[in-house]
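FYI, side chains are in, hydrogens and waters are out, and symmetry mates aren't considered; it's all heavy atoms of this structure. Within every chain, numbering begins at 1; the chains are lettered A, B, ... in the order of the sequence lines, protein sequences first and strands thereafter.
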Amino acid sequence: MRSNPLNKLLNKPPSVCVSHDEILDMPEPDYVVLPMDYTQRELYSWKVAIGDKVRQNQIIAKNSMGVCLHTPISGTVFDIKPIWSEGGIHIPAVCITRGEGDAVSVDEIFEQYGVNPKEATVDDQLKAMGIHPPWLPLSTSAVSEEHTPEAIENVVIVGFDEEPEINIQYNLLAQRLNDVLEGFSFLKTIMPNATQVLLADRNFCKQIKDQVPGEIQLKSISPNYSARLLDRNIPKYANIRFDHHRDYALQKTVVISIERLLVLTAAIKNSQPFTTKYLTVSNKMPSDHKMVLIHHGTSIRSILNFTEFSKYQPESIIAGGPMKGISQFNNLTPLTRSCDGLHLLGEKEITSGPGDHCTNCAACIRICPLNLQVHLIGRYVEFENFTSANEYHPEQCMECGLCSYVCPAQRPLVQFIKLANQYGNQKNEHKPQTQCSIESPLEEWDQHCSSSAAMADSPAASH
Amino acid sequence: MPLAILLAVMLPVGVPWWLVVIGCFIMIFIGKKLFGGMGAYPVHPVMLTYAMLVISWPQHFDNTKALLSYNWDVPMIDVLQISKTYGLNGEALFSWQDLLMGNQVAALGNGMVLFIIIGGLMLILMNAISWHIPTAFILGVVGMSTILQLIDPELSASPLFHLLSASTLLGAFFLATETTTSPVNPIPMLIYGFFGGALLVLLRSFSDHIDGIAFTILIINFMAPLLDRITPRICGMELGHHA
Ligand code: SF4
Ligand code: SF4
């Protein structure tokens with residue numbers, strides 16, 4: 001978050017930092033930890049056992065929809081056990097320590113997946129390469145015959161990052177424009193009936209206007225955070241009615257980022273499994289930002305060591321970006337496909353605690369993109385009146401974090417709203433039981449820490 | 001908002017020191033703390049204090065009294081007093097430039113109209129308050145005083161006079177906009193401000209008090225929670241897809 005006192009004074013929402021960075025390529029880590037679940041996706045079931053030797057790009061897990069998960073490195077399965085993921089949930093994960101071995105070939109991947117590569121459909125190819133086909137709904141139960149690429153009417157490619165301080169999409173668009181345009185024409189062959197929209201930063205739009213072919217609608221987005229909220233922009237540019245809670249695939253719309261577009265094209269054209277991810281590592285100094293390409297499952301600690309951010313001694317590490325990201329318990333958490341950035345906060349930049357009393361100043365209401373009565377929800381939750389809080393529809397909140405950002409009393413408004421959603425449908429007697437909901441995972445977390453320590457000492461991980 | 005400063009600018013020149021002490025006590029302990037402190041008081045503490053002091057010690061709230069000890073080059077009478085008694089004829093004693101520059105008998109700070117306007121515009125530009133309440137308040141004053149003037153041009157003052165005299169603009173920019181006691185949604189803010197402005201002119205014209213600003217603000221403060229039930233539409237709600 002930009003700690004400019006003038007911005008704070010004028011209650012300006014954070015603006016987005018856009019810069020041109022070179023991309024660092026991170027070498028293979030000593031071990032990777034692959035969680036068996038990604039936010040909103042189906043749970044994966046693993047196909048390996050402890051002690052198995054695995055080779056790079058080998059399929060180690062599959063979810064109920066058939067989407068595969070590949071190991072980014074060759075080595076040995078060291079352990080399978082629950083860990084804390086970057087999303088703050090406790091889920092099983094496969095830990096693989098690095099060893100010898102070549103990458104598996106494309107034919108072997110398809111063989112493992114169970115399809116002849118010559119007969120594979122686009123869906124099969126994507127699933128075998130570890131990508132959820134974007135025209136399929138996220139939950140298995142919603143999938144039906146009509147969810148085919150031909151049925152899609154809108155394709156929205158997002159050429160910017162929502163979060164301030166993260167600039168992956170912008171840099172990829174700037175550095176690999178030709179690949180992106182190739183990706184567009186490729187998407188046209190898969191989804192012939194769709195209109196294609198490219199959302200890009202306002203300044204960048206001017207530069208590329210001449211190079212983008214006419215059938216792609218180029219839309220410019222202004223560089224401040226609230227103008228970039230995807231939940232707001234996509235209905236506008238995809239011509240669908242505003243409903244940010246519904247799966248876009250169910251509304252005949254595909255929304256993918258530039259990075260995902262490149263991955264998707266590479267998966268089908270070059271049969272390249274999805275095992276790497278771009279990240280922006282940032283702190284409060286925009287000049288320090290670094291962009292790095294990691295293997296899935298690399299721990300935060302090794303990323304910070306590699307990018308030389310560990311000398312900064314962060315007080316808090318936020319995975320996902322300063323506005324919507326989640327603060328991490330520990331720097332051993334692995335990062336995977338859903339995380340776009342790491343933001344480091346020093347001691348001075350952290351504001352925590354219950355905040356002050358609400359003074360009814362209405363800053364939160366003015367900034368909220370959805371017109372929620374944020375201050376009232378916050379007050380009701382403060383006094384544990386969840387029934388009344390829910391009359392103001394906290395479930396509509398898109399958790400953009402703007403209200404907390406502008407609140408002069410520094411109240412944790414988004415957390416209040418989350419509490420209202422969590423306890424809203426229950427009766428008032430059911431108070432949040434903080435005690436027991438935290439205790440049991442903590443025990444397991446202790447185990448995770450001790451096992452991680454053991455892992456660091458083990459001969460396999462030490463070279 | 002710094003309550004003590006607001007109280008100070010509302011007090012007349014030459015109030016005894018003990019009145020200030022009592023006022024501060026009322027403001028902090030009765031007006032604010034007794035109702036739950038910051039963010040919980042139902043009415044503006046400064047206005048509550050001012051109203052209690054005016055009713056309890058009316059003899060100390062005569063702005064012209066200061067003229068006994070100081071020699072000012074201004075018409076020696078409280079502007080509102082004169083308009084109440086003489087209407088348009090009294091108004092002729094003042095030019096609007098004088099009123100704007102603060103050449104009027106008023107309390108410590110509420111007559112400095114020009115600086116109040118600058119301060120209010122700064123608050124709006126800094127996003128500390130929104131434009132709705134001041135604008136609606138001013139419209140209310142102008143609207144109601146125009147109506148009164150149409151009815152009885154002899155005994156009522158002009159809209160410009162009402163705007164620039166005594167605490168009108170202080171009320172519009174600093175008192176009515178106090179965040180805890182004012183509404184937060186756009187439409188309620190407009191109603192609240194407009195009603196306040198109209199009520200102020202009515203109180204000035206027909207009540208026994210010289211300036212009705214304290215009572216105006218107290219009354220509209222009580223309306224605020226009710227008005228705030230008019231909430232804007234939540235985006236995306238019409239589709240009815242919620243958990
Ligand atoms: S986090 Fe929710 S309540 Fe707060 S501004 Fe964003 S949408 Fe509104
Ligand atoms: S919650 Fe914060 S921003 Fe919202 S009205 Fe209260 S003090 Fe203002």
Identify the heavy atoms of His357(A) and Met38(B) that sit nearest to each other, and give their distance.
CB-O, 3.6 Å

Most heavy-atom pairs under 4.5 Å with chain A, out of Thr180(B), Asn185(B), Thr181(B), belong to Thr180(B)

Test Arg233(B) against Asn371(A) for side chain to side chain contact (heavy atoms under 4.5 Å, CB included), laying out the working first.
CA-CA 7 Å; Arg233(B) 194 181 59 83; Asn371(A) 293 335; 5.7 Å; no

Exceeds 12 heavy-atom contacts within 6.0 angstrom, atom CD1 of Ile187(B):
no

Can you tell me if Lys252(A) has over 12 outside heavy atoms packed within less than 6.0 Å of its NZ?
no

Does a sphere of radius 6.0 Å around CD1 in Ile55(B) hold more than 12 heavy atoms from other residues, nucleotides or ligands, not counting ones at 6.0 Å or beyond?
yes

Does atom CH2 of Trp17(B) have more than 12 heavy-atom neighbours from other groups under 6.0 Å away?
no

Under 4.5 Å from any heavy atom of chain B, what part of Cys358(A) do you find: side chain, backbone, both or neither?
backbone

Gap between atom CG of Asn360(A) and atom OG1 of Thr179(B) - 0.5 Å precision:
6.5 Å

Counting only heavy atoms closer than 4.5 Å, note whether Ser130(B) contacts chain A via side chain, backbone, both or neither.
both

Correct closest heavy-atom pair for Pro232(B) and Gln373(A) would be CD-NE2, 3.7 Å

Would you compute the distance between atom CG of Asp228(B) and atom NE2 of His375(A) and round it to the nearest 0.5 angstrom?
5.5 Å

